[in-house]
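First comes the structure, then the notes that go with it.
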Amino acid sequence: VNPVVSRGWMSWPVLAIIVAVAALAPALTSDFFVNVILTKALWLGVGAASLIFLAAYGGMVSLAQVGLYGVAGMTYANLVLADGGSSAAWNPWLAVLAALIVATIVGLGFGWIAARSEGIYFLMITLAFSVLVFYFFSQVTQLSGFGGVNNLDLPGILGNPESDPTPRYYVTLVVAVVVFVVLRGLATRTAFGLGLQGVRDEPARMRALGFDVTRHRMLAFALAAFVAAIAGVLSVWYNRRITPGSINLGQTIDILIIAVIGGLYRLEGAWIGALAYALIDNYSREWVPDVGNVLGSARFNTIIGLVFLIIVLLSPSGLIGIWENLKDRVRGGRRRGGGTPTTAGPEGGPAPGTVN
Amino acid sequence: MSETVDSSSGGDVQATGDGSARVTTGEVTDAQEVARAGRRWSPQKIAFTVVIAVVVVFLVIKATDNLRQFVIVTLNGVTLASLYFVVASGFTLIFGLMRVVNMAHGSLYLLGGYLALKLQESWFKEDTGLGISLSGATDAEYGFFGWFVPLILATILIGFAGVAMQQVFLRWNQGQELRQALITIALSVIFADQMLAAFGGISKDIAAPSAWPTSVLLPGDVRFGFFRGVIVLGSALLIGVLLFLVIKRTRFGKIVRAGVDDRDMVSALGINVNLVFAGAFFIGALLAGFGGVLGGTMISLAPGQDTAFLLNSLIVVIIGGMGSLAGAAIGALALGLVDAYADVYLVIGGTDLTNYSILVTFALLVGVLAVRPLGLFGRPA
């Protein structure tokens with residue numbers, strides 16, 4: 001599924017235009033759209049970006065990201081003033097800091113174990129971690145409350161999202177842009193990122209060059225855990241509550257679906273997938289016809305499952321892959337007068353995340 | 001512990017034997033590291049042994065405290081392990097031969113249970129004459145065949161469902177492990193949602209034959225559930241022995257074993273690998289379905305059980321080593337016992353920590369992986 005990472009680099013002007021359009025969104029669309037579609041897509045995108053970062057640059061498809069953002073979300077929820085949980089009534093910013101630190105440390109621990117395995121083993125172990133986090137919070141009601149932790153205290157900068165969701169949208173937007181720019185720079189412009197790509201492609205040679213491959217992968221995992229923790233904090237800011245059910249296997253799969261819809265090999269894909277997901281989530285209920293019990297407004301999971309299935313079957317590199325393939329075809333057509341793509345296309349090449 | 005040492009030094013021989021050919025994969029190096037660690041007792045291994053020793057001592061103290069309770073808890077663990085083994089053996093068989101991580105395995109489990117329930121309700125439910133019963137299905141009487149026929153039919157149907165899944169979705173992308181895992185995840189999402197639509201969100205049970213006793217009396221005045229203790233445990237032992245014989249004694253088993261080691265060579269020898277793969281998927285899915293009927297009778301059927309049994313199967317094969325039948329048995333036993341003991345004995349000095357029991361499961365997983373990254377019986381792919 002995972003083709004060799006795209007060398008495509010969204011140019012700064014393009015990024016600036018997209019951010020500018022996003023910044024104007026509150027003036028152009030309704031509060032509802034800004035809140036339910038855009039804000040949600042932005043924080044889901046941050047979560048998916050942590051997965052894509054590991055998959056694209058580290059060759060590790062991790063399903064632990066939701067578990068990690070759940071750890072961050074639960075930590076925040078328990079430290080601020082809230083209904084349920086331990087409600088320690090800390091300053092929200094202090095709670096944010098604690099949430100990020102706790103989730104990163106947990107991520108470092110997960111990474112220590114998981115980084116020694118590869119490919120499909122890695123996928124299974126991280127999935128087990130994520131589901132174990134879910135079961136932990138379902139069992140320990142001291143931390144998760146009996147009906148979740150509700151009415152979380154928010155930092156003042158977010159204002160009152162119930163009456164005006166715009167401040168929260170801008171904060172989420174800024175965080176998402178910073179995450180994107182920093183992650184991309186880190187992965188493609190620093191020695192750490194290049195080393196990580198080397199570890200992904202040729203672990204044996206990197207080992208021969210004196211790299212501590214396992215430690216490199218572990219640190220990358222911790223970094224992704226940090227990003228997942230940011231998504232966790234944004235998610236509880238968005239929902240103002242957290243329940244064990246919101247970090248279960250379903251959510252783990254949703255984040256995976258978002259990453260795959262976007263394409264597992266470019267960071268931008270995270271937000272494209274998240275936007276597509278949020279749109280389907282919201283509007284599929286209106287336009288999907290009721291077919292007995294099988295399909296209809298109550299069967300959102302069937303629809304998203306089918307979309308996911310079709311994407312995996314047809315274009316394993318997601319929407320970004322479709323786009324780049326089209327671009328290649330158009331360019332190839334202009335240059336050579338034929339329809340042959342310039343590269344093998346996203347379908348070719350072994351997946352870096354797989355053994356054999 | 002001596003077993004672990006033996007098997008890891010065995011792995012060393014194997015790894016160095018063809019090490020030159022395979023040194024490019026990361027796992028072999030890990031296996032070598034582990035093998036070396038096996039000889040010189042790495043800190044992880046010492047820690048692991050100490051923890052095991054402490055746990056054993058703790059359990060012995062608890063056992064002498066109340067032997068009757070200990071026996072019941074142990075039996076609970078062993079029967080739970082039996083169910084885990086039945087389901088996980090199918091998972092590990094499919095993985096071992098085809099490198100397919102069937103993320104829809106839990107869905108097949110739950111679907112098997114629901115199918116049997118549906119068959120039982122529509123074919124064997126007899127009006128007891130009273131007509132009105134507050135608790136619904138549980139009051140109906142079922143004969144032996146009212147349980148056994150749904151069991152067999154549902155099991156076989158799930159086997160065919162597995163083959164259909166493999167033929168339609170997995171056959172043409174053999175070798176693309178990640179893509180296959182994603183496809184089965186997509187299928188599991190659809191399955192879960194459709195089962196919720198068809199069977200609702202309320203937990204349901206399959207009724208065991210009414211003629212069977214509810215419990216048996218064991219020596220020492222211990223009462224234990226008949227279905228759990230006799231049927232589930234017996235089925236697991238039977239399946240374990242059958243699978244062992246099939247794998248070790250039959251031609252199909254030989255091909256499967258050869259396929260686990262070198263698929264390409266097997267197909268080059270003129271064996272119809274596609275047929276063997278379909279057969280393995282049939283058996284693997286069948287075991288999930290069978291487990292579903294057992295689990296549906298022993299515990300219950302509800303949305304979320306598919307996740308639970310996917311997780312159980314994952315943990316069992318991660319602990320035991322993927323593709324190994326013996327590993328699945330040991331992994332299931334470890335997980336079942338840890339689950340059962342942690343649910344009861346996690347009371348330290350008056351503080352009840354039993355709702356943290358999942359941490360013990362997690363510790364088991366981490367402990368095994370820290371010492372043996374490929375699981376107890378795992379070998380590099």
Side-chain angles (χ1 to χ4, degrees), chain A residues 1-2 61 109 112-114 116-121 123-125 127-129 131-132 134-136 138-142 202-205 207 213-214 248-250 253 256-257 260 264 293-294 296 298-313 316 350-351 353-356, chain B residues 23-30 33-34 95 99-101 103 106 169 173 175-183 185-194 196-198 263 304 306-308 310-311 314-315 317-318 322 354-359 361-362 365-366 369-370 373-375 378 380-381:
Chain A
V1 169
N2 195 1
V61 180
W112 177 67
I113 295 297
R116 302 193 299 167
S117 58
E118 286 178 4
I120 211 76
Y121 295 87
L123 185 92
M124 292 166 71
I125 290 169
L127 175 62
F129 285 169
V131 181
L132 284 169
F134 158 69
Y135 279 115
F136 175 76
S138 324
Q139 283 188 359
V140 185
T141 41
Q142 292 97 315
E202 294 285 354
R205 285 184 197 173
R207 210 172 263 132
V213 168
T214 309
N248 63 8
L249 181 69
I253 291 175
L256 177 70
I257 290 176
V260 172
L264 270 181
N293 234 350
V294 180
R299 298 271 72 83
F300 167 68
N301 278 333
T302 299
I303 293 158
I304 201 76
L306 284 173
V307 171
F308 182 39
L309 186 64
I310 290 166
I311 293 261
V312 180
L313 292 177
T354 55
V355 194
N356 292 336
Chain B
V23 81
T24 43
T25 66
E27 267 120 319
V28 172
T29 337
D30 287 340
E33 271 166 26
V34 172
F95 181 84
R99 304 278 145 209
V100 173
V101 176
M103 296 287 188
F169 293 108
N173 47 28
Q176 300 177 44
E177 297 168 350
L178 183 62
R179 192 174 187 184
Q180 291 181 321
L182 294 180
I183 289 173
I185 288 176
L187 290 174
S188 76
V189 172
I190 299 169
F191 269 130
D193 200 41
Q194 290 299 321
L196 180 66
R263 265 169 300 159
D306 47 351
T307 311
L310 175 63
L311 177 73
L314 279 176
I315 293 180
V317 299
I318 292 171
M322 285 168 237
T354 46
N355 60 353
Y356 291 91
S357 62
I358 197 80
L359 285 183
T361 310
F362 181 71
L365 182 68
V366 169
L369 284 176
L374 293 174

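Source: prediction; values computed, not measured. Every chain is numbered from 1 and lettered A, B, ... according to where its sequence line falls, protein lines coming before strand lines.
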**Message:** If I compare all heavy atoms of A128(A) with all of I318(B), which pair ends up nearest, and what's the gap?
**Reply:**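 Between these two residues, the closest heavy atoms are CB-CD1, 4.4 Å.
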
**Message:** Tell me the closest heavy-atom pair linking A186(B) and G305(A), and the distance in Å.
**Reply:**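 For A186(B) versus G305(A), the nearest heavy atoms are CB-O, 3.9 Å.
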
Less than 4.5 Å to any heavy atom of chain A: does that hold for the side chain of [X], its backbone, both, or neither?
X	value
A192(B)	neither
V101(B)	side chain
F191(B)	neither

Is it the side chain or the backbone of [X] that comes within 4.5 Å of chain B heavy atoms, both, or neither?
X	result
F300(A)	backbone
L256(A)	side chain
L132(A)	both
L306(A)	both

Based on non-hydrogen pairs under 4.5 Å, which of [options] is most in contact with chain A?
options	result
I358(B), I185(B), I183(B)	I358(B)
V189(B), L187(B), N173(B), L365(B)	V189(B)
L311(B), I315(B), T361(B), L310(B)	L311(B)
A181(B), S357(B), G304(B)	S357(B)

**Residues I120(A), F95(B); criterion side chain to side chain contact (heavy atoms under 4.5 Å, CB included); working and verdict** = CA-CA 10 Å; I120(A) 211 76; F95(B) 181 84; 3.7 Å; yes

**Message:** Heavy-atom pairs under 4.5 Å with chain B - which of V140(A), L123(A), N248(A) has more of them than the others?
**Reply:**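 Among V140(A), L123(A), N248(A), the one with the most close pairs to chain B is V140(A).
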
In Å and rounded to the nearest 0.5 Å, what is the [atom1] to [atom2] distance from [X] to [Y]?
X	Y	atom1	atom2	answer
N301(A)	I190(B)	CG	CD1	10.0 Å
L369(B)	Y121(A)	CG	OH	11.5 Å
Y135(A)	N355(B)	OH	CG	15.5 Å
S188(B)	L249(A)	OG	CG	7.0 Å

**Heavy-atom check, side chain of I253(A) versus side chain of M103(B), under 4.5 Å** =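 In short, these two side chains do not touch, never coming nearer than 4.5 Å.
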
**Prompt:** Hey, are the side chains of Q139(A) and T354(B) touching, using non-hydrogen atoms and a 4.5 Å cut-off?
**Reply:**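 Not touching, per the 4.5 Å side-chain cut-off.
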
**Asked** Between Y356(B) and F136(A), how do the two ring planes meet: parallel, tilted or perpendicular, split at 30° and 60°?
**Response**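 Aromatic pair Y356(B)/F136(A) classed tilted.
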
**V312(A) backbone acceptor or donor facing R179(B) side chain under 3.5 Å** =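 Yes, because the side chain of R179(B) sits within donor-acceptor range (under 3.5 Å) of the backbone of V312(A).
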
